[in-house]
Number of protein chains: 2
Amino acid sequence: MRPTVHDIAAEAGVSLATVDRVLNNRPGVRELTRDKVERAIASLGYVRDVTAANLAKGRSYKLIFILPAGDNSFMLGLETEVREAIARSAAERTEIDILFVPAFDPQALANALAEAHRRGPAGVAVVAIDAPEVTDAVRRLRDDGIAVVTLVSDLPGSSRDHFAGIDNIAAGRTAGTLIGRFLGDRAGPVAVLAGSMLVRDHRERLEGFRSVMCESFGSRSILPVIEGQDDPVLVEKLVAALLERHPDIAGIYSLGAGNRGLVAALEKAGRAQVCVIAHELTSYSRAALLSGTIDALLNQDAGHEVRSAIRVLKAKADGLPVLEAQERIRIDVFLKDNLPNGQA
Amino acid sequence: MRPTVHDIAAEAGVSLATVDRVLNNRPGVRELTRDKVERAIASLGYVRDVTAANLAKGRSYKLIFILPAGDNSFMLGLETEVREAIARSAAERTEIDILFVPAFDPQALANALAEAHRRGPAGVAVVAIDAPEVTDAVRRLRDDGIAVVTLVSDLPGSSRDHFAGIDNIAAGRTAGTLIGRFLGDRAGPVAVLAGSMLVRDHRERLEGFRSVMCESFGSRSILPVIEGQDDPVLVEKLVAALLERHPDIAGIYSLGAGNRGLVAALEKAGRAQVCVIAHELTSYSRAALLSGTIDALLNQDAGHEVRSAIRVLKAKADGLPVLEAQERIRIDVFLKDNLPNGQA
DNA sequence: GAATATTTGATGTACGTAAATCAAAAACGC
DNA sequence: GCGTTTTTGATTTACGTACATCAAATATTC
């Protein structure tokens, strides 16, 4: 049987009320008595029954998700997952609100964080932008004991509790090895298509990709990066021009979210033999993978990221440890052979 | 605010006791009254507070894991994960026992299932062997309302509630595409190394692998399957003989758990240029991937499988729905570039 | 309509914790 | 020693559900 507060009280030779004072950091306990109780807790191996505690407190975890507004499929998918978590929230003692902010706008994001702060939640999950005003806003939240988790895009060097997202350098390296080995001896340069070098995850993917190409496939030339702003129309135009300029192109690594335009340009040009590695599984990229236009997809599972963020925020709010192995977001590598059925 | 049993009673115009009788399927309620209560439940959208219910019941979920004895790293890893779940069990109202059975022995497994049945648990997780006596034993458990989840290796056509493992056909197909594309125009046959064709996961991986090789890489010949019983010593002997017999071998797909012997044989023969795709991330296979002896690893995360099995068993024991998207076990594709740090 | 069986209500206790109140005891200053 | 402050104890209520008991009301049978 698991020990209860009563057992602690008996073991320490104090009353229930005193145990409660110690457990919940209430004032009015002598240092000596506090020690006695803590020794009893340690010796009996007491662990507070969080479910009973939450029941008694009538607690519900108020959480706020801050997401970039915009219509790219991945972010829409992320929003869908948050909404599904909201639908389940009754059963999980959570109360989740979403705040939308204009994409790529650090000041707007800092303001949203301040607004979230005002609402006094137990935790905040945010798709971060790597800027000082954002780091500051996060620090202010943390100073007030509000847990903060970055989602998809991290804010290293800030005081965030946790990052729920993939290792983007590893993702870029993986793309490099795949494209290098898939191409084998086939001649021709490789192009890189990004959204914007302003966002950290794109920069990191490029860094990983380049280092692998340099280390392991040094003879293959890499064309200058094309920035398509994740805009389908712009991407299509840029890729079409690229294909015309370089008829010998062997492969393309698309590390951003411009898949729709990329696929359109490739198919119009009839260049199915170009080896393409792209990111994020959406209905477009799935179709392109199945048709053979895209050869491999790297993906981060938005559902996992959202659920992980919620678990971590709840744990941090309770001062509980986090199961690191469970919360590591993995880089999915999809070929046409191992696509999950159903969704996305 | 979430409705409680009191709200249901008020809404239905009955007493708390009657609501309780309906909710817990206790006898002594007229059909008409039962309907009234059920309508109230539906109209208020009542969901039982499982944590409060468990608290009241003093419930702890007795679960039994049945694992194959043996010293292969993957199964040891699986055992480790179960033991870690046991360490966390205090906080999760679970009480987990492990039963070990000799590997690849259907009758012993059926006996273990009967033993598990005798102990009267809420659920059983089992690494299945696809044999009629096992299917029968599972059916008997289910007939007594005991939840059953197959782990790693499935038992389709049985009455198991859920399978916590990967899609092995997809895994085999993925291996096929990877080896086919990595080899490109390089000549030479491909060999397949399995543990035993008795277990379904090995059969399915082979099936997926063969079908992709046939569909997409028809010109490459596949040597007859070698069964190494996942025994390092035997595997090393068999692979050494294989390499001697076929000096022109271009690739090996190891779909079982005999990696230690495979790597030893390859390294002793100095055949690093052979393209090798193997399964399961262990300390041995990790080292071999980093050194280049293995080119890619397909992996199922044992920790995820164990945690998923536990979640599903608890949910089934409570008659609760399962979040399918969360419980899908993914096929990890590891190259040396995206190996997770830490463990395994 | 009486006797019986079935259904329903009323009520209390329990689970493990939180939180509040008030009284009692101990420690402290002077 | 006194009064005062601080610390501790004892007790109660609450959270939402499960489960048991006993009495009361309603159906059913003959």
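Proteins get letters first, then strands, A, B, ... in listed order; numbering begins at 1 in each.
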Take atom CG of Leu32(A) and atom P of dA26(C), then tell me their distance rounded to the nearest Å. 14 Å
Taking side-chain contact (heavy atoms from CB on, under 4.5 Å) as the test, write out the residues that go with Val47(A), two or more places apart. Arg2(A)
In whole angstrom, give the distance that lies between atom CG of Leu23(A) and atom C1' of dG16(C). 12 Å
Which parts of residues 49-60 of chain B get close to DNA chain D, meaning a heavy atom less than 4.0 angstrom away? Asp49(B), Ala52(B), Ala53(B), Ala56(B), Lys57(B)
For Ser60(B), enumerate each residue passing the side-chain contact (heavy atoms from CB on, under 4.5 Å) test, keeping only those at least two apart in sequence or located in another chain. Glu95(B)
For Arg139(A), what residues pass the side chain to side chain donor-acceptor pair (under 3.5 Å) criterion, not counting sequence neighbours? Asp136(A)
Which pairs of donor and acceptor atoms, one on a side chain in residues 123-135 of chain B, lie under 3.5 Å apart (sequence neighbours left out)?
unit_1	atom_1	unit_2	atom_2	d
Asp130(B)	OD2	Arg200(B)	NH1	2.6
Asp130(B)	OD2	Arg203(B)	NH2	3.1
Thr135(B)	OG1	Ala131(B)	O	3.2

Sidechain-backbone polar pair: Ser158(A) side chain, Arg160(A) backbone, donor-acceptor under 3.5 Å: yes
Atom-pair distance (CZ on Arg34(A); P on dT7(D)), nearest Å: 10 Å
Whole Å only: how far is the CD atom of Glu92(B) from the C1' atom of dG16(C)? 18 Å
Please give, in whole Å, the distance from dT12(D) C1' to His6(A) NE2? 12 Å
Nucleotide dA18(C), atom P - distance to CD1 of Ile8(A) in whole Å: 12 Å
Interface polar pairs with nucleotides 20-29 of chain D, N/O, under 3.5 angstrom:
none

Can you tell me if Ser308(A) uses its side chain to pair, donor with acceptor, with the backbone of Glu305(A) under 3.5 Å? no
Around atom NZ of Lys36(A), are there more than 12 heavy atoms from other residues, nucleotides or ligands closer than 6.0 Å? yes
Would you mind reading off the distance between Asp7(A) atom CG and dC15(C) atom C1', rounded to a whole angstrom? 14 Å
Compare side-chain N and O positions of Ser15(A) against OP1 and OP2 of dA10(D) and report whether any pair is under 4.0 Å apart. no
Looking only at atom types and distance, does a side-chain atom of Asp35(A) sit under 3.5 Å from a main-chain N or O of Leu32(A), one as donor and one as acceptor? no
Salt bridge (charged side-chain N to carboxylate O under 4.0 Å, His left out) test vs Asp318(B) passes for just one of Arg59(B), Arg93(B), Arg311(B), Arg48(B), namely Arg59(B)
Measure CG/Leu16(A) against P/dA20(C) and give the value in whole Å, please. 16 Å
